Q: 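Quick one: structure below, then a few questions.
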Amino acid sequence: MHEEHRPDFAKLRKSNIVQHCVLDTFLWPQVNLEDLMKPKHLLLVLNARGRHPPHIFTQADIEAAVIGHAKERDMKGYMENYYMVFRKRVVTKDYGDLIHCSNPMDAAKKIASGHGVHPAHEFQILNIQHRIWDFLVDCCWEIMHDVDLHDMRDPTPVQPEPTPISTDSEVYNSLDISSLEAPYRVPITTDFSRILSLTLRSYMGIDLHGNGGLVGLVTDAYTMYNDWHVLAAQMTNLQKLWQDYAADIAKWERIPEDFQDAFETVRFTLVCMCDDYIHELSYGIYSCPDLRQFFDRKPPTSSRDLPIQANLKSKSFLLGMSTEARLANLIAYLWEDTFCKDVGVVSLMDRIERLLQKEPRAKYLVTPWVRKVFGKLSVVAECLRQLHLFPDWALFLEHAMMTHKDEHLKRVEQRQHSWKKILQTKFRAAPLTQFSKLAHGSFNYPSDKRRNQKNVETMRSAEAKIDNFWSVVDEQFETIPNVPQHDFIQTLLTGGRVMQRTPPWVDVPTEAARGPPSPQADYIYEPLSQTLHESSKQITGAFDKLSISTKEKPKTRGIAMPIEEPAEPDLALENDLKQVISLDKRSYKVFKTIFHSPNSPDHPGEIAWVDLLHAIVAAGFSAEKLHGSAWQFTPRDLDVGRSILFHEPHPTSKILFTWARRFGRRLTRA
């Protein structure tokens, strides 16, 4: 038995080829000492394999051998008229029946639909399962060495299912741990609710800023948001269709056309997003100083190409055992199309995340930007993994998507057509060109400092300059003919997002002249864009339903400007405030910081990430660690309609006060 986790990747790292003399390494990598020596893994696999027939595990077993199983390109011409059946075969003599077809196309259809298995895979499955069950039987003999063999032959009643065991808990769980335990559990099926939750959290958690100068600042802010907006809408539609059809799935002889189309559309969008994030890594990985030695720079050959990309150096340069070499090798595998297709993004992300978690210094080798891209890529990969678990029909739907690839590409091009003029916009207006020439410090924003007249005036000056920038951007877009505003921008502007602006400084009167205290506010709130949402300037589309320019937002906390007339009490808000959350001192200190009033005499500092986790869980959320730096918090004991996604600080474990305040604003919207 091999000693380390995923010995197939370890062997591949050392030789870069799959050698047939070490089939055990590549065909049953889940059987290794590092994993099975963990307290619960052997118990999990004994319980799962002992209570369920082998056909339940056929697909999971062949996919666990991501490197060693036969590839489609290698199976052409091999027993093309045959397929084999495992599904729902519980009698030994019927298990793995070899079925002959007069036409190779009939056999190919059975295999593509998931109702049959290619003979090459069938022999590997039988080999894998034979070795696994032999190993588990030997384990049982060792465990029950004091039980007489004749007693074991007597029929005994099946014992009830034991209490579920896992390293995860109801409150804290990890995608890394779930992936590690998956080969030892009963295979699960697609959880559409989880996919929708991940999609919506990523959609609502997008940072609305870009990279790469002024053009990147404007275009990246919208294009990334648009990608997740489209995916969220598609996934919402698929979830509704699944709720309509779920009860009848066992009776399906054919997949309903509308469900198949929705499933293919979601999966195609995820595949496109996955490719986009991998391309981002291919030119952003060079920003990691400790990994540069393993890459060469490939300049763009034309203005249409991506920025300078990083190419992995020769394989012989990477055969070392250093953490840097191993990490660089795994990352480079992502943009090697053939290998990435064979192994899968999910498996590669699992390996990268495990290396980052296992090696103490590995997480310091990548920049915060790369960790964030890992986080986004892991969310997309997890959604793809969930879709792949769709019972009985997953392979059919995946093959159907590839058959309809041209049609899906056409839809994407039609959807992106109206973006071309926006992405090609040249911001040559005088205010914008002057914007980039402002002296250093012009956008100093001391929000982490205690409020005084100087700090307030500095903050208001920076806010005025950034408002002027976006006002000019809006005016530039006004000049583009026949480019309607997209639905997602309307959703963004009407989805509870408002601009927080600093009110003017008001001198505090002396004690004698102060009189009775009056209610004051920390901030004033405005629409996201005065130009875009003035009722007299319906500039690029129908905005009849928008009412941001006249909508008043209830002020629930603050100090800075007197409110002349108290607003009418909001009964719905009062009802919401009735839910009282009891917190311990540690949690209260965290929330006091993230919801800090700038006029408070106290000046909070940084927050430890573990303290934030403790506080959010104490408030009624469950926490799940995704890959990369992403954490998902799902309401558990709260009357809250949606979960929220935060990124763990990297490489430090401390959250700056400014970022803590940003977390507070997002929690307010959640």
Side-chain angles (χ1 to χ4, degrees), residues 174-176 201-202 204-213 216-217 220-221 224-225 227-228 273 276-295 306-310 323-324 326-328 330-332 334-335 348-349 352-381 443 445 447-448 594 605-613 616 623-633 644-666:
S174 166
L175 183 58
D176 185 43
R201 297 296 58 78
S202 300
M204 298 304 297
I206 290 291
D207 291 329
L208 296 177
H209 59 79
N211 299 298
L217 179 68
D220 290 358
M224 183 183 297
Y225 198 87
D227 289 341
W228 286 100
M273 293 176 67
D276 289 343
Y277 287 131
I278 289 174
H279 281 305
E280 282 191 31
L281 281 174
S282 70
Y283 62 82
I285 195 64
Y286 207 79
S287 65
C288 304
D290 293 316
L291 298 181
R292 288 178 188 167
Q293 58 179 313
F294 302 103
F295 297 94
L306 293 170
I308 296 177
Q309 294 179 264
T323 301
E324 293 88 342
R326 292 160 61 191
L327 181 59
L330 287 171
I331 293 173
L334 285 170
W335 56 81
L348 285 173
M349 289 305 302
I352 291 171
E353 184 64 22
R354 185 166 179 83
L355 180 61
L356 293 174
Q357 296 293 333
K358 184 179 178 181
E359 299 288 343
R361 63 183 302 270
K363 66 179 182 179
Y364 297 102
L365 300 177
V366 296
T367 62
W369 180 88
V370 171
R371 285 285 285 179
K372 278 199 171 185
V373 176
F374 281 162
K376 297 169 189 174
L377 187 56
S378 72
V379 171
V380 173
F443 292 94
Y445 197 72
S447 61
D448 57 331
I594 64 178
E606 298 175 333
I607 300 175
W609 175 255
V610 292
D611 289 342
L612 179 70
L613 289 180
I616 296 180
E624 178 181 11
K625 173 70 171 70
L626 305 178
H627 291 333
S629 59
W631 282 75
Q632 176 169 272
F633 299 92
I644 192 168
L645 195 74
F646 288 147
H647 285 275
E648 182 177 354
H650 173 79
T652 178
S653 60
K654 296 285 188 178
I655 305 171
L656 297 176
F657 172 64
T658 51
W659 280 95
R661 293 293 308 280
R662 194 173 296 183
F663 286 175
R665 293 199 67 190
R666 290 189 55 207

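Along the sequence shown, residues carry numbers from 1. Computed from a predicted model, the values in this text were never measured in an experiment.
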Q: State the CG-OG distance between L612 and S653, to the nearest 0.5 angstrom.
A: 12.0 Å
Q: Applying the ring pair (Phe, Tyr, Trp, His ring centres under 6.0 Å) criterion to F663, which one of F657, F646, F633, W631 satisfies it?
A: F646
Q: Given side-chain contact (heavy atoms from CB on, under 4.5 Å), test E324 with E359 step by step and report yes or no.
A: CA-CA 10 Å; E324 293 88 342; E359 299 288 343; over 6 Å; no
Q: Determine, stepwise, if the pair H279 / W335 fulfils side-chain contact (heavy atoms from CB on, under 4.5 Å).
A: CA-CA 7 Å; H279 281 305; W335 56 81; over 6 Å; no
Q: Would you name the heavy atoms of P649 and W609 that are closest together and state the gap between them?
A: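 Taking P649 first and W609 second, the nearest heavy atoms are CD-CE3, 3.4 Å.
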Q: Give the minimum heavy-atom separation between A660 and I607, together with the two atoms involved.
A: CB-CD1, 3.7 Å
Q: Under a 4.0 Å N-O cut-off, is there an ion pair linking E280 with K376?
A: no
Q: For K654, check side-chain contact (heavy atoms from CB on, under 4.5 Å) against everything at least two apart and list the hits.
A: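 Residues passing side-chain contact (heavy atoms from CB on, under 4.5 Å) with K654: E606, A608, T652.
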Q: Do you know the tightest heavy-atom contact between T323 and A362?
A: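 Nearest heavy atoms, T323 then A362: CG2-CB, 3.8 Å.
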Q: What is the distance from atom SG of C288 to atom CZ of F295, rounded to the nearest 0.5 Å?
A: 8.5 Å
Q: So do V370 and L291 actually touch side chain to side chain, heavy atoms under 4.5 Å?
A: no
Q: If you compare all heavy atoms of D290 against all heavy atoms of Q293, which two are closest, and at what distance to 0.1 Å?
A: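 Shortest heavy-atom separation between D290 and Q293 comes out as O-NE2, 3.5 Å.
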Q: Mind checking side-chain contact (heavy atoms from CB on, under 4.5 Å) for T658 and listing every partner two or more places apart, or none if nothing turns up?
A: S447, D448, L656
Q: With the side chain counted from C-beta on, respond yes when L365 and L356 share a heavy-atom pair under 4.5 Å apart, and no when they do not.
A: no
Q: Minimum heavy-atom separation for G284 and W369, please, with both atom names.
A: CA-CZ3, 3.5 Å
Q: Could you walk me through whether W659 and H647 pass side-chain contact (heavy atoms from CB on, under 4.5 Å), step by step?
A: CA-CA 10 Å; W659 280 95; H647 285 275; over 6 Å; no
Q: Could you state the interatomic distance from CD1 (I352) to CG (L334), rounded to the nearest 0.5 Å?
A: 4.5 Å
Q: Looking at CG of L327 and CD1 of I285, how far apart are the two atoms once the value is rounded to the nearest 0.5 Å?
A: 7.0 Å
Q: Looking at Q632, E353, E648, which hits side chain to side chain donor-acceptor pair (under 3.5 Å) with K625?
A: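 Looking at Q632, E353, E648, the match for K625 under the side chain to side chain donor-acceptor pair (under 3.5 Å) is E353.
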Q: For residues P289 and S287, report the shortest heavy-atom separation together with the two atoms involved.
A: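 So the minimum-distance heavy-atom pair works out to CD-O, 3.2 Å.
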Q: Stepwise, does the side-chain contact (heavy atoms from CB on, under 4.5 Å) test hold for I594 with I655?
A: CA-CA 10 Å; I594 64 178; I655 305 171; over 6 Å; no
Q: Measuring from atom CZ of R371 to atom NZ of K363, what distance do you get when rounded to the nearest 0.5 angstrom?
A: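 That separation rounds to 8.0 Å.
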